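Right, one structure below, let's go through it.
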Amino acid sequence: MQFSPARPRPASNLELYSWFFMRISAIVMFGLVGFHLFYMHIILGVDAIDFQVISQRWESPFWRLYDFFMLVFAWLHCTNGVRIVLDDYVHHQGWRVLAKSTLYIVGFIIIVLGSYVVFTFKPQ
């Protein structure tokens, strides 16, 4: 009878923290995105949303931070999920490194550009 070799213990708890982050960020996003959809589509109405509405909304630091947190949680949640998919389906180490590097760079750029827009937008 052959036994499979014992799985090596991970050097860090990255996967555990990643697992917890996915659950926590999903709960946070459920609240943030749910309220966003309710407020923008039910209270304001889709036909009332235009540049002026967003400009007035972003006069308040609360709404800027709200949108910033929605952006950051969504992209980090997305990046973490794609990272897990890459680990499952990209088996060649070189391609996995390239794919993950591209993923992290694109995720970083999206968060930086989105944050730049949220915090430097000048309401009229």
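Not measured: the values here are computed from a predicted model.
- At least one side-chain heavy atom of L76 sits less than 4.5 Å from a side-chain heavy atom of I111.
- Of all heavy-atom pairs spanning T79 and G107, the tightest one is OG1-CA, 4.3 Å.
- Test Y116, F68, F51 against F121 for ring-ring contact (aromatic ring centres under 6.0 Å, His included) and you get one pass: F51.
- No path of Ile, Leu, Val, Met, Phe, Trp and Tyr side chains, each step under 4.5 Å between heavy atoms, connects M70 with I109, placing them in separate hydrophobic clusters.
- Here the OG-CD1 distance, from S115 to I110, works out to 10.5 Å after rounding to the nearest 0.5 Å.
- I24 and L71 fall within a single hydrophobic cluster, where Ile, Leu, Val, Met, Phe, Trp and Tyr side chains are chained together by heavy-atom contacts under 4.5 Å.
- Applying the 6.0 Å contact sphere to CZ of F108 captures no more than 12 heavy atoms from other residues, nucleotides or ligands.
- For the atom pair NZ (K100) and CH2 (W95), the distance works out to 16.0 Å, reported to the nearest 0.5 Å.
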Exercise for the section: In sequence, state the C-alpha distance, the side-chain angles, and the governing distance for H77 and M22, and then conclude on side chain to side chain contact (heavy atoms under 4.5 Å, CB included). Expected result: CA-CA 6 Å; H77 183 89; M22 287 300 275; 3.7 Å; yes

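- Residue V46 is not grouped with residue V33 when hydrophobic side chains (ILVMFWY) are merged at heavy-atom distances under 4.5 angstrom, including chains of intermediate members.
- With W63 as the partner, the ring-ring contact (aromatic ring centres under 6.0 Å, His included) test is satisfied by one option alone out of F69, F119, Y39: Y39.
- Judged purely by atom type and a 3.5 angstrom limit, S18 has no side-chain atom pairing as donor or acceptor with the backbone of L14.
- To the nearest 0.5 Å, the span separating CZ on R64 from CD on E59 amounts to 8.5 Å.
- In F21, the CZ atom is crowded: over 12 heavy atoms of neighbouring residues, nucleotides or ligands sit closer than 6.0 Å.
- In this structure, L113 is not a member of the same hydrophobic cluster as W58, with clusters built from ILVMFWY side-chain heavy atoms closer than 4.5 Å.
- Under a hydrophobic-cluster definition in which Ile, Leu, Val, Met, Phe, Trp and Tyr are linked whenever side-chain heavy atoms come within less than 4.5 Å, directly or via other members, I43 and V53 are assigned to the same cluster.
- Here the closest non-hydrogen pair linking L103 and R83 is CD2-N, 3.7 Å.
- Residue-environment remark: CZ (F30) stays at or below the threshold of 12 foreign heavy atoms within 6.0 Å.
- The two atoms that bring R96 and L86 nearest to each other are NE-O, 4.2 Å, heavy atoms only.
- When all heavy atoms are compared, the tightest approach of S25 to F73 is CB-CD2, 3.8 Å.
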